[in-house]
Amino acid sequence: MQHLSEQEILRRKSLEELIKLGIDPYPAELFKVNVSSAEILKNYNINKLDYKNVSIAGRIMTRRVMGNASFAEIQDAEGKIQIYIKRDEICPGEDKTLYNTVFKKLLDIGDIIGIEGYVFTTQVGEISIHVSSLKVLCKSLHPLPIVKEKDGQTFDAFEDPEQRYRQRYVDLIVNPAVKDVFIKRTQLVNTMRNYLNNKGYLEVETPILQPIYGGAAARPFKTHHNTLDMPLYMRIANELYLKRLIVGGFDGVYEFSKDFRNEGMSRFHNPEFTQIELYVAYKDYYWMMDLVEEMVEKIAMDLHGTTEVKVGENSINFQRPWKRFTMFEAIQHYTGVDISNMDETQLREAAKNMGVHVDAKLGKGKIIDEMFGEKCEHLLIQPTFITDYPVEMSPLAKKHRSKAGLVERFEAICNGKEICNSFSELNDPIDQRQRFEEQLELGKRGDDEAMVLDEDFLNALEYGMPPTAGLGIGIDRLTMIMTNQHSIQDVLLFPQMKPKK
RNA sequence: GAUUCCGUAGCUCAGCUGGUAGAGCAAUACACUUUUAAUGUAUGGGUCCUGGGUUCGAGUCCCAGCGGGAUCACCA
């Protein structure tokens with residue numbers, strides 16, 4: 001038996017009382033709603049005649065009882081609206097039970113009711129609904145956190161992160177701004193989907209349970225299939241499957257992919273997260289940069305009506321064109337050192353001079369990556385493309401058409417963080433096999449994030465994949481920027497949490 | 001994983017050098033027919049995260065654990 005607080009016991013008693021009065025606290029039949037709170041508040045003053053007979057349902061959020069008349073606020077999916085309940089209006093006869101007992105005593109903040117009535121404006125000027133009938137739709141058994149508000153100031157906000165994430169339903173009820181973040185997240189996904197569909201690309205679904213995981217450097221979750229009696233891995237990326245589809249003759253495919261990585265958690269990392277990956281045949285990474293600019297600019301416009309987005313202290317402008325730097329140019333720009341022709345010994349020396357600590361085991365590519373990560377990335381606030389990465393770090397990207405040791409790869413950096421990763425895809429099957437073999441070597445040396453060799457993927461490439469541009473965008477990260485949220489947990493409805501006791 | 005801060009009523013938070021647990025909102029009762037953080041009067045409500053220890057006595061001090069936040073590391 002669960003432990004009940006005083007208030008929870010009282011609510012259960014009220015529930016019993018309602019039933020004794022012949023009122024079903026959880027009725028089965030639909031309640032006809034003909035308007036939303038937001039629509040009334042928006043349009044009532046424009047056309048008052050339309051709101052003589054409104055029927056609306058919502059949760060009781062506040063109550064102000066003044067004898068034989070009361071005000072309350074009810075909240076529906078779109079917002080809150082005040083209702084005015086007069087005893088003799090909802091109880092026209094001798095029997096005043098519905099008002100005196102049901103409304104005043106047995107109903108609580110948090111209960112859901114349906115009302116009918118007409119809209120009017122109170123003496124203080126607030127658009128309200130004058131209630132003519134009231135129906136109980138759902139009795140709530142837990143007291144709701146009470147958040148009060150005046151002149152834009154909030155009092156006693158429900159803000160303990162642990163409770164908010166564990167009981168997101170409560171968070172959504174009492175913190176309307178939270179709901180708005182998730183509406184924007186869906187708008188963001190819709191904008192992308194519409195944009196890509198309009199270009200004629202096909203949204204597809206590929207396996208989440210994979211016998212061989214691939215497409216990224218990460219540690220996977222491992223699971224087991226009972227009937228087949230074999231291990232399966234939850235995908236860390238869908239890249240290799242989408243490229244198989246390009247081999248198969250689709251010219252453009254994309255997937256919003258839930259990926260799973262068995263790694264540490266932080267305000268930027270949840271064990272499961274969402275990426276979109278896109279592959280388009282006969283294109284290269286320059287072409288893909290144009291697409292990213294256009295699509296992300298469109299997202300900003302659709303969400304905010306402007307390309308200018310506030311993120312923390314910064315104002316970020318997504319208007320095209322974005323700045324483009326090669327990785328070497330970026331390092332030269334921020335450190336004054338030109339590393340483009342350095343060998344490994346010189347690079348090690350340069351890193352030391354910059355104050356970048358590099359492990360003796362790191363190869364050339366990793367040293368460059370460390371320099372960029374420590375000296376440049378966090379300074380890139382406005383959206384910027386960084387291009388042409390060392391080949392060692394990009395086993396699935398095509399070698400650069402003119403620069404030895406580099407690949408045709410770019411990342412878009414924004415607010416000091418990567419928001420996408422893209423390359424001209426490696427379609428030379430012999431080169432790809434060599435790269436996988438280098439990864440195997442890394443794995444043997446103890447790198448538990450090294451890629452495994454996927455023989456079937458190589459087989460596909462050997463049939464021939466057209467030149468292809470590929471792209472991955474972290475949806476959670478992009479949503480954080482577009483909605484100005486500090487933590488990934490604030491853009492995931494149900495972030496991963498340890499069970500409580 | 002490391003460092004650091006936090007955990008007290010349904011919610012937001014006080015609680016001093018250790019001395020029987022406090023406020024506002026919410027709840028209960030009464031009053032009040034256009035209020036709005038409604039108001040007035042009265043009342044009830046606690047496993048002080050858990051387990052040890054020190055002490056005559058622990059919400060408070062010490063140790064361990066659980067959960068959470070922040071920062072750092074790996075990573076998207």
Side-chain angles (χ1 to χ4, degrees), chain A residues 3-11 13-14 61-73 80-89 99 104-105 108-110 120-128 130 140-167 170-171 174-175 215-219 236-237 257 259-277 357 369 373-374 411 417-421 447-449 472-478 480 486-489 495 497-501:
Chain A
H3 171 79
L4 294 179
S5 71
E6 181 194 36
Q7 293 194 44
E8 286 164 337
I9 292 164
L10 280 165
R11 282 171 180 242
K13 281 187 181 152
S14 298
M61 299 305 284
T62 64
R63 279 202 310 174
R64 293 180 285 278
V65 178
M66 280 160 303
N68 293 329
S70 296
F71 288 93
E73 268 183 316
K80 293 191 194 111
I81 189 160
Q82 179 170 265
I83 63 175
Y84 176 65
I85 302 180
K86 211 163 151 180
R87 185 191 65 189
D88 297 339
E89 293 272 339
Y99 183 79
K104 275 170 72 173
K105 308 245 184 228
D108 291 291
I109 288 173
F120 74 112
T121 306
T122 65
Q123 285 183 353
V124 225
E126 178 156 350
I127 295 170
S128 308
H130 193 117
S140 165
L141 298 181
H142 289 303
L144 213 53
I146 305 294
V147 180
K148 298 215 172 186
E149 221 175 277
K150 192 191 188 180
D151 303 329
Q153 246 197 307
T154 304
F155 301 85
D156 297 337
F158 176 69
E159 55 192 7
D160 173 23
E162 182 169 1
Q163 290 201 78
R164 288 184 45 228
Y165 302 147
R166 284 188 196 279
Q167 301 188 67
V170 177
D171 191 28
V174 302
N175 293 326
R219 279 143 63 197
I236 58 173
S257 165
D259 293 342
F260 306 84
R261 298 190 185 174
N262 209 339
E263 292 164 350
M265 290 165 67
S266 76
R267 75 182 181 96
F268 290 106
H269 300 87
N270 193 66
E272 55 181 294
F273 66 103
T274 307
Q275 269 200 112
I276 182 173
E277 290 198 33
H357 177 77
D369 190 46
E374 283 196 34
E411 292 189 356
K417 274 276 169 186
E418 169 192 342
I419 57 169
C420 81
N421 184 16
D447 183 348
D448 54 4
E449 292 184 349
I473 298 180
I475 297 295
D476 316 282
R477 297 270 180 92
L478 186 60
M480 283 169 69
H486 180 258
S487 165
I488 197 168
Q489 296 174 105
M497 302 285 277
K498 273 197 180 184
K500 221 177 168 181
K501 285 193 212 167

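In what follows, chains carry the letters A, B, and so on, assigned in the order in which the sequence lines appear, proteins first and then strands, with residues in each chain numbered from 1.
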- Along RNA chain B (nearest heavy atom to each residue), the more 5'-positioned of A:Asp108 and A:Asp160: A:Asp160
- Query: When the nearest nucleotide of RNA chain B is assigned to A:Gln163 and to A:Phe120 on a heavy-atom basis, which residue is associated with the more 5' position?
  - Reply: A:Gln163
- Could you check whether A:Phe273 and the base of B:A76 form a stacked pair, meaning centres closer than 5.5 Å and planes differing by less than 30°? yes
- Message: Under 4.0 Å from OP1 or OP2 of B:G68: is there any side-chain N or O of A:Arg166 that close?
- Response: yes
- Query: Distance between the C1' atoms of B:A42 and B:G51, in whole angstroms?
  - Reply: 41 Å
- Task: Examine the base of B:A26 for any acceptor or donor lying under 3.5 Å from a partner atom in the side chain of A:Gln7, and report the outcome as yes or no.
- Result: yes
- Rounded C1' spacing from B:A58 to B:C16 in Å: 15 Å
- Message: Need the pair for B:C61. Rule: Watson-Crick or G-U wobble, both distances under 3.5 Å, any strand; none if unpaired.
- Response: B:G53
- Message: What is the separation between atom CD1 on A:Ile127 and atom C1' on B:U34, rounded to the nearest whole Å?
- Response: 15 Å
- Quick one: does A:Asn421's side chain have a donor or acceptor within less than 3.5 Å of a partner on A:Glu411's backbone? no
- Sorted by chain and residue number, the salt bridge (Lys or Arg N to Asp or Glu O under 4.0 Å) partners of A:Arg87 (sequence neighbours excluded) come out as none
- If pairing requires Watson-Crick or G-U wobble contacts with both distances under 3.5 Å, which nucleotide is the partner of B:C30? B:G40
- Message: Quiz question: going by heavy-atom distance under 3.5 Å, is there a donor-acceptor pair between the base of B:G24 and the side chain of A:Asp156?
- Response: yes
- Partner nucleotide of B:U3 by Watson-Crick or wobble geometry (both distances under 3.5 Å): B:A70
- Query: Considering Watson-Crick and G-U wobble pairs with both distances under 3.5 Å, what does B:G10 pair with?
  - Reply: B:C25
- Message: Under the side chain to side chain donor-acceptor pair (under 3.5 Å) definition, can you give me all pairs with a residue in residues 153-163 of chain A, not counting sequence neighbours?
- Response: A:Glu162-A:Arg166
- Whole-angstrom distance between B:G18 and B:C62, as gauged at atom P: 11 Å
- Message: Taking donor-acceptor contacts at under 3.5 Å, does the side chain of A:Glu6 reach the base of B:U28?
- Response: no
- Message: Is A:Phe155 stacked against the base of B:A37, taking the criterion as centroid distance under 5.5 angstrom and interplanar angle under 30°?
- Response: yes
